[in-house]
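The block underneath contains the structure these notes are about, expressed in structure tokens.
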Amino acid sequence: MAAATAPKTMPSSVFAAALLLLAAAACQASPYYPLELGYYRYTCPQAEAIVKASMEKAIAQNPGNGAAVIRMLFHDCFVEGCDASVLLDPTPFSPTPEKLAAPNNPSLRGFELIDAIKDALEAACPGVVSCADIIAFAARDASCFLSQGKVSFDMPSGRLDGTFSNASESVKFLVPPTSNLSDLASSFAVKGMSLEDLVVLSGAHTVGRSHCSSFVSDRLDVPSDINPALAAFLRTRCPANTTTSDDPTVMQDVVTPNAMDNQYYKNVLSHTVLFTSDAALLTSPETAKLVLDNAKIPGWWEDKFEKAMVKMASLEVKTGHQGQVRKNCRAINHY
């Protein structure tokens, strides 16, 4: 095979660095290995059905439960990989785990729901199903139920649970909703995720709620592109100065708040989104084109979201001696 030659317009050192980055991303991405479909078919054949039934009940009670576990998958996988490290409680040896980090506390929800699913699985198949796989299955099922079956995909499994969790890692890898497109793209690239993955997974903001503190300072208190009517509405819901005791939540998508659909992209185009990170998708021709396609082409976003969720849920998974199957999702096993 002939050696790659750099374009004349690009210095060779820059080209070499770009090749290294691409190679690193390709090696890191490995979307499916070592996971497999039907991983529990012999050890706990009812595992996925138990998760699905639990999610169906939880979403019937409150659609926000579905949005919570979809967000939990992202917040888990982007920090230490998909290993349920976000579920670990503080201990004297690890007093500040991920769940206490600013991106997760107090906004991340769903911990009790995962506990309940784990209890049901432990009763059926003790010590078999990992907490990391529970999060992945729950996010898949939530996507299906909230979309009325339009987002439906198989989720490979076989993840092990991690034994390390530190809040500083969450701050490092989970960029805030005030981020610009460059910061967002970088946070995805370091995980082997593409710009299209970023735009597609941002569509999860079509469900769920947000605390006012996540957008007031950079969307309402200063000039921004936010639709004036939405801004006026939000000012009636959000205090001028949010505090930990006065920080209400509002729906992220006021048009179809409990439906997994492509309405988010229509909202981006009409400037009726909450976050700077949402509005940032219109700040480059490439991402703006992706937004337009997702908004206009029926079924386009749903298909891409399915693939991006599986890809994200395969990041840096732990197998073999790298992890364990926790008996309690909130604490590591001590043998």
Side-chain angles (χ1 to χ4, degrees), residues 25-26 29 31-32 37 59 63 66-67 69-71 73-74 77-78 136 139-156 175 177 179-189 191-210 224-227 229-230 251-315:
Y32 303 110
L37 295 175
I59 290 172
V69 296
I70 293 170
R71 183 170 183 251
L73 180 67
F74 170 66
C77 291
F78 263 56
R140 172 201 61 189
D141 295 335
S143 301
C144 186
F145 287 124
L146 291 173
S147 68
Q148 302 294 310
K150 292 180 180 178
V151 175
S152 180
F153 56 96
D154 293 322
M155 177 62 78
V175 296
S179 300
N180 60 31
L181 185 59
S182 176
D183 290 338
L184 293 167
S186 295
S187 74
F188 270 63
K191 296 297 179 181
M193 302 287 280
S194 69
L195 201 59
E196 183 174 29
D197 293 327
L198 162 64
V199 175
V200 168
L201 290 171
S202 293
H205 289 175
T206 190
V207 291
R209 304 180 70 90
S210 168
S224 74
D225 75 331
I226 195 167
N227 180 282
L230 177 61
M251 289 293 186
Q252 294 196 92
D253 174 4
V254 297
V255 182
T256 57
N258 294 323
M260 286 285 291
D261 56 22
N262 69 341
Q263 181 61 45
Y264 166 79
Y265 299 98
K266 299 172 185 178
N267 295 346
V268 172
L269 292 171
S270 63
H271 304 284
T272 53
V273 285
L274 296 183
F275 305 140
T276 294
S277 58
D278 294 325
L281 300 185
L282 293 181
T283 60
S284 86
E286 183 179 356
T287 54
K289 173 68 163 54
L290 291 168
V291 168
L292 189 63
D293 288 343
N294 286 322
K296 300 295 185 184
I297 305 173
W300 182 271
W301 171 73
E302 288 85 353
D303 178 65
K304 293 185 176 297
F305 186 74
E306 293 167 0
K307 295 178 175 63
M309 284 285 280
V310 173
K311 182 178 179 181
M312 180 178 70
S314 305
L315 293 177

Close side-chain approach of H205 and N267, heavy atoms under 4.5 Å: no
Salt bridge (charged side-chain N to carboxylate O under 4.0 Å, His left out) pairs, two or more places apart, involving residues 267-291: K289-D293
Looking at N294 and N262, what are the two nearest heavy atoms and their distance? O-ND2, 3.0 Å
Does the side chain of L181 come within less than 4.5 Å of T287's, by heavy atoms? yes
Taking Y265 for its side chain and V199 for its backbone only, find out whether a donor-acceptor pair lies under 3.5 Å. yes
Quick one: pull up OG1 in T272 and CD in Q252 and give me the separation to the nearest 0.5 Å. 12.5 Å
How far apart are the C-alpha atoms of L201 and M312, what are their side-chain angles, what is the distance that settles it, and do they pass the side chain to side chain contact (heavy atoms under 4.5 Å, CB included) test? CA-CA 9 Å; L201 290 171; M312 180 178 70; 3.9 Å; yes
How about V207 and D253: do any of their side-chain heavy atoms sit closer than 4.5 Å? no
Drop me the distance from M155's CE to S314's OG, to the nearest 0.5 angstrom. 7.0 Å
Minimum-distance pair of heavy atoms, taken over all atoms of A136 and L73: CA-CD1, 4.0 Å
Pairs touching residues 140-154 that satisfy side-chain hydrogen bond (donor to acceptor under 3.5 Å, both in side chains), sequence neighbours left out: E48-R140
Please examine the side chains of T276 and S179, heavy atoms only from C-beta on, and report whether any two atoms are closer than 4.5 Å. no
Output yes when a side-chain donor or acceptor of Y264 lies under 3.5 Å from a complementary backbone atom of A295, and no otherwise. no
Within a strict 4.5 Å, meaning less than it, do heavy atoms of the H271 and L282 side chains meet? yes
Quick one, L269 with L292, criterion side chain to side chain contact (heavy atoms under 4.5 Å, CB included). Give me CA distance, side-chain angles, the key distance, then yes/no. CA-CA 8 Å; L269 292 171; L292 189 63; 3.9 Å; yes
For the residue pair P156 and L37, what are the closest heavy atoms and their distance? N-CD2, 3.5 Å
Scanning both residues in full, the closest heavy-atom pair of A142 with V69 reads CB-CG2, 3.7 Å
Who passes ring pair (Phe, Tyr, Trp, His ring centres under 6.0 Å) against F78, sequence neighbours left out? F74, F188
Residues in salt bridge (charged side-chain N to carboxylate O under 4.0 Å, His left out) with E306, at least two apart? none
For N180 and A280, work out which heavy atoms get closest and say how close. C-CB, 4.2 Å
Evaluate side chain to side chain contact (heavy atoms under 4.5 Å, CB included) for F145 paired with M260, printing each intermediate quantity in order. CA-CA 9 Å; F145 287 124; M260 286 285 291; over 6 Å; no
How far does CG of L290 sit from CG of L198, to the nearest 0.5 angstrom? 9.5 Å
Can you check whether V151's main-chain N or O pairs, donor with acceptor, with E302's side chain at less than 3.5 Å? no
Knowing that exactly one of K307, K311, K304 qualifies, which makes a side-chain hydrogen bond (donor to acceptor under 3.5 Å, both in side chains) with D197? K311
For a quick test of reading the model, state the closest non-hydrogen atom pair linking V200 to A308 and the distance between them. CG1-CB, 4.0 Å
Going by atom types alone, do D261 and T206 pair a side-chain donor with an acceptor below 3.5 Å? yes
Could you measure the distance from the CG atom of L274 to the CG atom of L230? Nearest 0.5 Å is fine. 6.5 Å
By salt bridge (charged side-chain N to carboxylate O under 4.0 Å, His left out), which residues pair with K266, not counting sequence neighbours? none
Would you please say whether a donor-acceptor pair under 3.5 Å links the side chains of D183 and S186? no
With sequence neighbours excluded, what pairs up with D225 under the salt bridge (charged side-chain N to carboxylate O under 4.0 Å, His left out) test? R219
How long is the straight-line distance from CD1 of I297 back to CG of D303, given to the nearest 0.5 Å? 11.0 Å
